[in-house]
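Below is one structure, written out as structure tokens, with a few remarks after it.
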Amino acid sequence: MKNLYWFKEISNNVRSGRRLSLGEYKRAVSWSKYLISSGAAIKGEAEEEWSADLSQLFIGSKFASGRHSRIYRGIYKHMDVAIKMVSQPEEDEDLAVLLEKQFTSEVALLFRLRHPNIITFVAACKKPPVFCIITEYLAGGSLRKYLIQEGPHSVPHKLVLKLALDIARGMQYLHSQGILHRDLKSENLLLGEDLCVKVADFGISCLESQTGSAKGFTGTYRWMAPEMIKEKRHTKKVDVYSFAIVLWEILTGLTPFDNMTPEQAAYAVTHKNERPPLPCECPRAFSHLINRCWSSNPDKRPHFDEIVAILESYSEELEQDPEFLSTYKPPPNNLILRCLPKCNTTANISASCKP
Ligand SMILES: Nc1ncnc2c1ncn2[C@@H]1O[C@H](COP(=O)(O)OP(=O)(O)OP(=O)(O)O)[C@@H](O)[C@H]1O
């Protein structure tokens with residue numbers, strides 16, 4: 001509480017331009033000292049460009065945590081921000097190396113991304129043992145939290161479509177930049193104003209050119225494509241599989257495979273080709289898309305260009321006909337295949353591949 005009070009005070013002062021009292025100043029300085037402590041910065045390619053000016057950073061209360069991080073609210077250069085502090089475990093050297101690698105890669109990727117459906121990177125600080133990433137603060141929290149609040153089967157279909165389109169557009173952009181997310185799940189999707197979804201948490205993302213086998217991965221089994229669980233070579237299509245699971249989550253408000261442990265879910269997906277059950281009342285337009293996206297053969301899964309085009313056409317149709325999602329009839333497979341080679345751009349797909 002004290003921390004929150006201090007944070008509010010500081011943020012008001014920063015906004016109004018009032019000078020800090022001695023007590024406030026000492027606390028703010030002590031945070032900066034902590035961040036600047038022990039060890040010189042490790043120089044990266046564009047470090048000057050992304051390196052945070054710590055004199056402009058005010059850290060408030062902790063509001064969330066990840067497996068190896070704590071997330072604080074803060075103010076940076078008059079902006080509401082979230083500060084992800086990644087702690088370096090002293091007792092586990094391998095984990096420390098892995099976390100540092102993830103941090104460096106997350107910053108390098110986030111730094112080059114700019115899209116309304118991708119979390120906006122602000123700055124970062126890499127001064128061992130403290131690593132932090134500063135991003136815009138998204139007041140709506142995670143999509144997971146939202147779905148739990150709303151309860152099972154309660155998101156209206158029009159909203160399902162809007163949320164799905166936001167995610168698909170963010171992922172289309174990410175893939176157009178040659179980046180695989182590899183940990184797409186409702187917990188890593190954050191909600192901004194007007195329930196705008198933004199893709200976040202690029203800790204295990206990588207460039208398409210750098211994907212090897214998925215050996216040693218710490219992604220989440222319930223959302224993970226079978227080829228990734230099997231530690232095989234993988235492509236952008238692993239994100240398409242995870243997108244199908246997220247779409248299923250939005251439609252049902254449930255956790256995938258919640259009657260199984262993550263390991264049992266991984267076994268069921270890879271050895272029995274199981275998927276979470278689609279409810280009978282699931283509109284065909286969604287079930288058809290989900291079934292394509294979580295196909296066990298990655299080549300049969302559509303690209304995000306096509307997914308965005310399909311969802312955009314659903315939106316248009318829904319405007320004309322409120323029953324569209326349920327009365328929808330999937331096009332014959334050969335129609336999709338014939339149409340695809342012509343679809344170089346999203347605009348083309350929208351125009352020519354209406355399902
Ligand atoms: N910019 C932000 N605005 C609002 N909430 C955020 C923001 N960043 C993170 N969070 C919250 O913190 C949680 C954890 O963040 P994030 O997934 O980035 O951490 P992580 O250490 O990578 O977690 P994990 O390793 O467990 O996936 C998110 O699910 C979300 O609830």
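For ligands, and for the atoms within them, numbers begin at 1 and follow the listed sequence. In this text the structure is predicted, and so the values were computed from the model without any measurement.
Between E187 and ligand 1, at least one N/O pair is under 3.5 Å apart. Note: an N/O pair closer than 3.5 Å links N188 and ligand 1 by distance alone. Looking at ligand 1, you'll find an N or O of E136 within less than 3.5 Å of one of its N or O atoms. Of the polar atoms of L138, at least one N or O is found under 3.5 Å from an N or O of ligand 1, judged by distance alone.
Closest to atom 27 (O) of ligand 1, if we only count protein heavy atoms, is D201 OD2, 3.0 Å. Here the heavy atom of the protein found nearest to atom 31 (O) of ligand 1 is S142 CB, 3.9 Å. Remark: minimum distance from atom 26 (O) of ligand 1 to any protein heavy atom is reached at R67 N, 3.0 Å. In this structure, atom 8 (N) of ligand 1 lies nearest to the protein heavy atom L190 CD1, 3.7 Å. From the protein, the heavy atom lying nearest to atom 12 (O) of ligand 1 is A64 CB, 3.3 Å. Considering only non-hydrogen protein atoms, atom 18 (O) of ligand 1 sits nearest to K84 NZ, 3.0 Å. Residue, atom and distance of the protein heavy atom nearest to atom 9 (C) of ligand 1 are I71 CG2, 4.0 Å.
Near G66, meaning under 4.0 Å from one of its heavy atoms, ligand 1 places the atoms 20 (P), 21 (O), 23 (O), 26 (O). Residue contact check: F63 has heavy atoms under 4.0 Å from atoms 4 (C), 5 (N), 6 (C) of ligand 1. The atoms of ligand 1 that sit less than 4.0 Å from any heavy atom of S69 are 19 (O), 20 (P), 21 (O). Residue contact check: I119 has heavy atoms under 4.0 Å from atoms 1 (N) of ligand 1.
Contact check for H271 versus K230: no side-chain heavy atoms found under the 4.5 Å cut-off.
Under a 3.5 Å cut-off, the side chain of N117 and the backbone N or O of I167 do not form any donor-acceptor pair. With R222 contributing its side chain and P256 its backbone, the two residues share a donor-acceptor pair below 3.5 Å.
More than 12 heavy atoms of other residues, nucleotides or ligands sit less than 6.0 Å from atom CG of D321. Around the CD atom of E93, the shell of radius 6.0 Å holds no more than 12 heavy atoms that belong to other residues, nucleotides or ligands. The number of heavy atoms from other shown groups lying within 6.0 Å of CD (E281) is above 12.
Of the heavy atoms in T135, only side-chain atoms (C-beta onward) come closer than 4.0 Å to ligand 1. At a 4.0 Å heavy-atom cut-off, ligand 1 does not touch V81 at all.
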Q: List the steps and the verdict of salt bridge (Lys or Arg N to Asp or Glu O under 4.0 Å) for K84 and E106.
A: CA-CA 11 Å; K84 175 156 131 181; E106 184 164 8; 3.5 Å; yes
Q | Verdict with supporting geometry, T255 and R144, side-chain hydrogen bond (donor to acceptor under 3.5 Å, both in side chains) | A | CA-CA 9 Å; T255 303; R144 176 90 229 124; 2.9 Å; yes
Q: For T104 and K126, run side-chain hydrogen bond (donor to acceptor under 3.5 Å, both in side chains): C-alpha distance rounded to whole Å, both residues' side-chain angles, the deciding distance at 0.1 Å, then the answer.
A: CA-CA 9 Å; T104 310; K126 190 177 184 184; 2.8 Å; yes
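The ring pair (Phe, Tyr, Trp, His ring centres under 6.0 Å) pairs that include a residue from residues 156-208 are H115-Y173, H175-F304, H181-F202, where partners are two or more places apart or lie in different chains.
Relative to the ring axis of Y241, R301 does not place its NZ or CZ within 45° and under 6.0 Å from the centre.
No heavy atom of K145 sits closer than 4.0 Å to any atom of ligand 1.
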